[in-house]
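Contents: one structure, followed by commentary.
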Amino acid sequence: MNYSVVYATSTGNTKLLANSVIDVLGEECVYKGQPDEKAINADIIFVGFWTDEGICNKEIKEFLSKLKGKKIVLFGSAGAGAPEYLDMVLERTKSIIGEDCEVLDGFMCQGKMNQRVREKYELALEKNPDDEFMKKAIENFDIALSHPDDKDISRLKNIVRNIVKK
């Protein structure tokens with residue numbers, strides 16, 4: 001059995017996750033990197049993404065939409081950490097994949113965001129100091145700074161180990 005790890009990263013979160021997957025796969029990983037035709041020759045393709053407007057980023061959308069008859073494992077990160085949001089992102093991303101492909105598993109975790117996001121929240125809060133949504137957004141931003149953390153990485157590695165065992 002051989003594997004590819006395809007990913008796109010914006011803040012480095014997905015690259016960190018991808019490297020964790022690659023660590024588990026070892027020499028059986030025949031391709032690792034940005035979306036590329038070379039990746040589709042593997043038995044199982046691990047596909048990592050960052051979240052853009054509630055779904056995987058554009059490059060990964062395009063890559064996933066081209067896959068035919070493949071076994072896929074999804075992994076990604078999002079700034080928001082609510083489990084229901086992470087599940088929604090994963091389900092939306094799965095919906096891009098053709099019916100002739102098999103999604104073996106999926107993993108999502110919170111990930112740190114670009115500092116400009118916090119600055120945008122702070123400006124909004126300056127304009128409206130009573131905005132509870134912005135207060136919570138800043139709180140979430142600060143929580144996200146430590147993610148993906150060791151627990152996130154461990155959970156992902158366990159998923160990969162279970163797939164490799166099969």
Side-chain angles (χ1 to χ4, degrees), residues 1-114 140-141 143-166:
M1 187 81 52
N2 61 30
Y3 310 93
S4 287
V5 179
V6 174
Y7 66 94
T9 191
S10 174
T11 59
N13 297 331
T14 313
K15 184 175 183 177
L16 177 65
L17 296 174
N19 286 336
S20 300
V21 172
I22 293 163
D23 286 347
V24 174
L25 298 176
E27 293 178 12
E28 294 175 348
C29 183
V30 295
Y31 178 84
K32 50 191 168 216
Q34 297 291 317
D36 191 289
E37 292 292 318
K38 297 175 206 165
I40 64 172
N41 295 323
D43 297 317
I44 297 176
I45 306 170
F46 289 81
V47 181
F49 59 91
W50 54 278
T51 302
D52 186 17
E53 298 182 5
I55 195 165
C56 65
N57 60 285
K58 182 181 175 186
E59 298 85 357
I60 295 300
K61 267 189 211 175
E62 291 171 3
F63 179 76
L64 288 172
S65 68
K66 294 176 185 174
L67 296 179
K68 305 287 182 230
K70 293 295 176 181
K71 292 182 179 182
I72 302 165
V73 179
L74 297 172
F75 63 95
S77 66
E84 41 302 326
Y85 179 74
L86 297 174
D87 290 344
M88 180 206 62
V89 171
L90 197 55
E91 289 306 311
R92 284 182 174 176
T93 300
K94 286 179 185 177
S95 73
I96 297 166
I97 300 168
E99 291 181 15
D100 61 336
C101 291
E102 180 182 1
V103 178
L104 301 176
D105 211 334
F107 170 85
M108 288 291 299
C109 69
Q110 190 168 26
K112 63 186 151 291
M113 296 172 265
N114 188 297
N140 176 70
F141 180 94
I143 291 168
L145 287 173
S146 65
H147 290 275
D149 63 15
D150 290 342
K151 287 181 183 178
D152 298 325
I153 299 297
S154 179
R155 285 179 33 236
L156 177 56
K157 284 185 170 185
N158 284 336
I159 288 170
V160 177
R161 285 185 195 103
N162 286 335
I163 289 168
V164 170
K165 279 195 264 184
K166 294 179 182 177

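Numbers here are sequence positions counted from 1. All heavy atoms count here, side chains included; hydrogens, waters and symmetry mates do not. This structure is a prediction, so every number in the text was calculated from the model and none was measured.
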Interatomic spacing from [atom1] in [X] to [atom2] in [Y] - rounded to 0.5 Å:
X	Y	atom1	atom2	value
F46	Y3	CZ	OH	6.5 Å
R92	K61	CZ	NZ	9.5 Å
C56	E62	SG	CD	10.0 Å
I159	S20	CD1	OG	12.0 Å
F141	N114	CZ	CG	7.5 Å
L17	D152	CG	CG	7.5 Å

Kindly give the heavy-atom pair with the smallest separation between [X] and [Y], and that separation in Å.
X	Y	value
P35	V6	CA-CG1, 3.4 Å
P148	C109	CB-SG, 3.9 Å
M88	G54	CE-O, 4.1 Å
V5	C29	CG2-SG, 3.8 Å
C101	I72	CB-CD1, 3.9 Å
T51	A78	OG1-CB, 3.3 Å

Test side-chain contact (heavy atoms from CB on, under 4.5 Å) on I45 and Y31; report intermediate values, then the result.
CA-CA 9 Å; I45 306 170; Y31 178 84; over 6 Å; no
Can you pull out every side-chain hydrogen bond (donor to acceptor under 3.5 Å, both in side chains) where at least one residue sits in residues 4-15? Sequence neighbours excluded, please.
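Qualifying pairs, neighbours excluded: T11-N13, N13-K112.
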Could you check if a side-chain atom of [X] sits within less than 4.5 angstrom of a side-chain atom of [Y], using non-hydrogen atoms only?
X	Y	value
L156	V24	no
L74	L90	yes
L25	V164	yes
V47	L64	yes
Y85	Q110	no
K58	D52	no

Report the residue from E28, K71, K70 that forms a side-chain contact (heavy atoms from CB on, under 4.5 Å) with I44.
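With I44 as partner, E28, K71, K70 yield a single side-chain contact (heavy atoms from CB on, under 4.5 Å), made by K71.
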Are N158 and R155 close enough that a side-chain donor and a side-chain acceptor fall under 3.5 Å?
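Their side chains do not contain a donor-acceptor pair, so the 3.5 Å distance test is not met.
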Between the side chain of [X] and the main-chain N/O of [Y], is any donor-acceptor distance below 3.5 Å?
X	Y	value
N57	W50	yes
T93	I55	no
S154	K151	no

Residues in side chain to side chain donor-acceptor pair (under 3.5 Å) with D105, at least two apart?
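In terms of side chain to side chain donor-acceptor pair (under 3.5 Å), with neighbours along the sequence ignored, D105 is linked to no residue.
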Looking at residues at least two apart in the chain, or sitting in another chain, which of them share a salt bridge (Lys or Arg N to Asp or Glu O under 4.0 Å) with K38?
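Counting only residues at least two positions away or on another chain, K38 forms no salt bridge (Lys or Arg N to Asp or Glu O under 4.0 Å).
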Would I40 and F63 count as a side-chain contact (heavy atoms from CB on, under 4.5 Å) if you check the C-alpha gap in whole Å, the side-chain angles of each, and the deciding distance to 0.1 Å?
CA-CA 10 Å; I40 64 172; F63 179 76; 4.1 Å; yes
Other residues, nucleotides and ligands only: do more than 12 of their heavy atoms fall within 6.0 Å of CG on D150?
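It does not: D150 CG has 12 such atoms or fewer within range.
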